[in-house]
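Read through the structure below, which is laid out as C-alpha cells, and then see the notes.
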Amino acid sequence: MEPFIRHTGTAAPLRRSNVDTDQIIPAEYLKRITRDGFEDGLFSAWRKDPDFVLNRPEYQGVSILVAGPDFGTGSSREHAVWALQNYGFCVVLSSRFADIFRGNSGKGGLLTAQVAQSVIEELWTLIEADPSLQVTVDLDARTVRAGDLTADFEVDDYVRWRLLEGLDDIGITLQHSDAISEFEERRPSFAPLTQ
Amino acid sequence: MGRTLAEKVWHNHVVRSAEGEPDLLYIDLHLVHEVTSPQAFDGLRGADRPVRRPDLTVATEDHNIPTIDVDKPIADPVSRAQVEALRTNCAEFGVPLYSLGNVEQGIVHVVGPQMGLTQPGMTIVCGDSHTSTHGAFGALAFGIGTSEVEHVLATQTLPLKPFKTMAINVEGDLPEGVSAKDIILAVIAKIGTGGGQGYVLEYRGSAIRGLSMEGRMTVCNMSIEAGARAGMIAPDQTTFDYVQGREKAPNGQEWDDAVAYWKTLFTDDDAEFDAVVDIDASTLTPFVTWGTNPGQGLPLSASVPSPDDATDDVDRVAIERALEYMDLTPGTPLRDVAVDTVFIGSCTNGRIEDLRVAADILQGRKVKEGMRLMVVPGSARVRLQAESEGLDQVFLEAGGEWRGAGCSMCLGMNPDKLTPGERSASTSNRNFEGRQGPGGRTHLVSPAVAASTAVTGHLSSPADLA
C-alpha cells in the first residue's frame, strides 16, 4: 500500500445523512470478482439524477467527499470503499462513520477523517461558494484546511500510523505466528471443527 | 471489578496485547460466502499464502443464487462466475463448501447455528454485517470487510480495538402477538442507526430470557442496524438445549466440559456497562418501518410522521427524503398503507419458527387478490423441515410462492427483486432505498405482520384479521 501523508484536491458536498453502503454501491454491482471497475456503481441510483452533486460540471475531478453524519452504515461490503477509490476519492469527511465501513477504509487506504458537524457545515458552505477551492487533508498533522478554515480531525492512532507507513496488516500479524500457534495449543478440545 | 459477557469472551481470545496497538484476537469460526470472498482469495494467491485453518472455515452459497430452478445453471453469467469462483477457491484452499443443491446449503447465518458450529463463547466472523446473529448464543460475532476476510484466512486472527459495552434491558412480559422482531425494531427506533456505534450490545432481561433461540437470533441479527457490530445474549438452558445433539456439537465428556465453561459466560454482578438502555416489554406492540433506514420505525397503530416532528435540520431533511422516496403522506395511518408484495425469509426471519408463525396465520386464509407472497426458507434444511410439517402446502394453498433457500429478496442481487415503485412488507432487515431492487419500497415487519398483511393487502397485525 502507498503511504498516505497528506492530500490536496477539490471536494464535493454530499448533504445527506445515513448514507448506507447500499447507496454507495448497490448489491447488483457486487457480482464482480476484482477490486477495480466499481466506479460505475458509485451512488448509481442518485447519479441518474442530472442535478446530483457528482453530475454537476463544477464538481468533476473531486477527490474529497464531505458527507453528512452516519456515513457508511449497513452492509459490510468493502466494495463501497473500492467504489469511492475507483471513482477518484482519497478522503471522506463526516461527523460520524459506521464502524465496519471505517475499518474497511483503513485497510484499503481511503482516509475517513471525523470532524464536528459544524466543520462539515462550514466546509459545505465554502465548497458550494467556490467548487474550485483546494482542500488539504493532512494526516500527519491531523488537520483539514480550506480557505481560512483550519480544523482538527479524529482518526484512530494505529490506523494513522499504518496509513502513514503504508503497511500491510497481514504482514504485521504474520510476524506473530508463534504467538498464534501457542494460542492454538491452549484452545479447548470441545471447540468445533468444520471438517 | 467484574467483566461483562463481551469482555469475558474477548479476554479468552487475546493472542497478543501490546500498548498502543490493537489486540490480536483469535477467531474460532470463519463463515464465507461468494460475494465478499473472491478478492480475499485472490490476495492469498498473489502473496502465495495458504488458508491457515480450513478446518475452522466453512463456505456456503446464498446471496447471489436463484431460489427457483436451482437444479439448472445460474442464468446470469456474472452471478454464475462469482459462484464458480467460490467453488474454485474452496477446492484450491481446502475449505469445505455447501453448494446449491447440498442439504446443508442456505443463508450463512442460518447454516452455522443449525449445524451446531455456532456455540457459546466463540469468536465468529464473516464478510457479512449480519454475522451479529450468532451473538444469540453468547458468541462474539461480527461482520468484516474483504481485507479482513483475507486477514482471517491467512492468520485466523484479527487485530481489533476493544469495543465499549451497552446493556439493552428488556424487562416485562411481551404482549400477545408481539415478537422478537418487534423488540429489535423498537430498540433501533429508540437508539437510532448510529446509537450502537463502537459498542457491543448485550440484550438482557426477562423478555429476552423468554425468547426461543430463533427469536434471540432475530434480535441479535439486527444489532448492526443500530450501528453495533455485535449483539450478545448470555447462554442459558435454552441455548444448551438448542446446541445439544447437533452435528458439530460436542458429545460425552466434551459436552460436559463445554457446558461447564459456557455456564461461566454471563456479565458479573459488579461489571459496569458503558451505556444502559431500558425497554419495558409490556408496552411493546407490532412495529413497522415507514422510512428508508431501520431506525425510521413506529408502532403499527401510529401514523406516518411529518418533517415537523424532526429534532433538528439533519433529521428534517432525512424525513423529507424518506417520505418522498416511500411516496407517503404525513398523518396517514400506517394500517392504511397498501402493499404489493410480502416477503417472508432472510437471515432475520427465515427460520422454522418464523415459517410456523406465518403458516399459522395463513392456514385457511387466502392471499389478497393481486398481491404476491414469497416464502423463502433460510436453508435447505429449514425447507425440508417445513415440508415435513406441511407448511409449504399452507403457503401454496393460500396463494403464495414456496421457494428454495437463499438470501432472495432481502437484497437486490439475485433474480428475486421488487420492480420500481413496488411496495413490500418484508421480514428482512434493511429498508434502504433500492435495497430490494431499484426503486422498490420496503416496510420491515415481523413474520406475523407479514402474513397478516398478505391477507388484508395493507399493513396489518393478526388482531386485524376476522
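Worth saying up front: this structure is predicted, and the values here are computed from it rather than measured. Hydrogens, waters and symmetry mates play no part in the numbers below; they use all other heavy atoms, side chains included. Letters go in sequence order (proteins before strands), and every chain restarts at 1.
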Practice task
Tell me, with the steps shown, if B:Val15 and A:His176 meet side-chain contact (heavy atoms from CB on, under 4.5 Å).
Solution key: CA-CA 9 Å; B:Val15 170; A:His176 306 300; 5.9 Å; no
Output the option from [options] having the highest count of non-hydrogen pairs under 4.5 Å with chain A.
options                               : result
B:Ile144, B:Asp42, B:Val149, B:Val317 : B:Ile144
B:Pro38, B:Gly145, B:Gly192           : B:Gly145
B:Asn64, B:Leu411, B:Thr131           : B:Asn64
B:Gly143, B:Pro250, B:Ser37, B:Pro96  : B:Pro96
B:Glu148, B:Gln156, B:His13, B:Arg49  : B:Arg49
B:Pro54, B:Gly121, B:Gly439           : B:Pro54

Do [X] and [Y] make a side-chain contact, defined as non-hydrogen atoms from C-beta onward lying under 4.5 Å apart?
X        : Y        : value
A:Gln195 : B:Val58  : no
B:Glu433 : A:Trp46  : yes
A:Ile100 : B:Ile224 : yes

Taking all non-hydrogen atoms of both residues, which atom of [X] and which atom of [Y] are closest, and how far apart?
X        : Y        : answer
A:Pro192 : B:Met122 : CG-CE, 3.7 Å
B:Thr146 : A:Arg35  : CG2-NH2, 4.5 Å
A:Leu30  : B:Gln82  : O-NE2, 2.7 Å
B:Lys248 : A:Leu193 : CD-O, 3.4 Å
B:Leu29  : A:Thr194 : CD1-CG2, 3.7 Å
A:Ser17  : B:Ala318 : OG-CB, 3.8 Å

Working to the nearest 0.5 angstrom, can you tell me the gap between [X] [atom1] and [Y] [atom2]?
X        : Y        : atom1 : atom2 : value
B:Gln436 : A:Asp22  : CD    : CG    : 10.5 Å
B:Arg321 : A:Arg16  : CZ    : CZ    : 3.5 Å
A:Arg77  : B:His63  : CZ    : NE2   : 8.0 Å
A:Asp20  : B:Glu225 : CG    : CD    : 9.5 Å
A:Gln117 : B:Asp312 : CD    : CG    : 9.0 Å
B:Thr155 : A:Gln175 : OG1   : CD    : 12.5 Å

Please classify the contact between [X] and chain A as side chain, backbone, both or neither, with a heavy-atom cut-off of under 4.5 Å.
X        : result
B:Leu24  : side chain
B:Asp76  : side chain
B:Ala154 : both
B:Arg16  : side chain
B:Gln119 : side chain
B:Asp55  : both
B:Phe41  : neither

Problem - Members of residues 164-173 of chain A whose heavy atoms come closer than 4.5 Å to chain B - result: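 Residues A:Asp168, A:Asp169, A:Ile170, A:Gly171, A:Thr173 are the ones that qualify, each having a heavy atom under 4.5 Å from chain B.
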Indicate whether the side chain of [X] and that of [Y] have a donor and an acceptor atom separated by less than 3.5 Å.
X        : Y       : result
A:Ser181 : B:Arg52 : yes
B:Thr36  : A:Glu78 : no
B:Asp128 : A:Ser76 : no

Between [X] and chain B, with a heavy-atom cut-off of 4.5 Å, which part of the residue counts as in contact: side chain, backbone, both or neither?
X        : answer
A:Glu28  : both
A:Phe97  : backbone
A:Phe190 : both
A:Ala98  : both
A:Trp82  : side chain
A:Ser75  : both
A:Glu182 : neither

Practice task
Count the heavy atoms belonging to other residues, nucleotides or ligands that lie under 6.0 Å from CG of A:Asp140, then report whether that count exceeds 12.
Solution key: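 Counting neighbours around CG of A:Asp140, more than 12 heavy atoms of other residues, nucleotides or ligands fall under 6.0 Å, so yes.
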Practice task
Just jot down the salt bridge (Lys or Arg N to Asp or Glu O under 4.0 Å) partners of B:Glu34, sequence neighbours excluded, or say none.
Solution key: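 Per chain and number, B:Glu34 pairs via salt bridge (Lys or Arg N to Asp or Glu O under 4.0 Å) with no residue.
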Exercise for the section: Carefully, step by step, assess A:Arg187 and B:Tyr26 under the rule side-chain contact (heavy atoms from CB on, under 4.5 Å). Expected result: CA-CA 10 Å; A:Arg187 295 183 73 231; B:Tyr26 198 80; 3.4 Å; yes
Problem - Within residues 80-103 of chain A or reaching into it, pairs that qualify as salt bridge (charged side-chain N to carboxylate O under 4.0 Å, His left out) - sequence neighbours excluded - result: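 Non-adjacent pairs meeting salt bridge (charged side-chain N to carboxylate O under 4.0 Å, His left out): A:Asp70-A:Arg96.
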Problem - Options A:Thr34, A:Leu174, A:Asp157, A:Ile180, ranked by heavy-atom pairs under 4.5 Å with chain B, top entry - result: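 Top count of heavy-atom pairs under 4.5 Å with chain B: A:Ile180.
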Handout entry: Leading residue by heavy atom contact count with chain B [cutoff under 4.5 Å; candidates A:Pro188, A:Gly74, A:Gly103, A:Ala191]
Key =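 Between A:Pro188, A:Gly74, A:Gly103, A:Ala191, the count favours A:Gly74.
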Problem - Positions in residues 251-260 of chain B that reach chain A, provided some heavy atom is under 4.5 Å away - result: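 From residues 251-260 of chain B, the residues near chain A are B:Glu254, B:Asp257, B:Ala258.
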Practice task
For B:Glu150 and A:Lys107, run side-chain contact (heavy atoms from CB on, under 4.5 Å): C-alpha distance rounded to whole Å, both residues' side-chain angles, the deciding distance at 0.1 Å, then the answer.
Solution key: CA-CA 11 Å; B:Glu150 184 180 341; A:Lys107 306 288 178 195; over 6 Å; no
Exercise for the section: Please determine if B:Arg53 and A:Glu184 form a salt bridge, counting it only when a charged side-chain N lies under 4.0 Å from a carboxylate O. Expected result: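 Salt bridge: yes.
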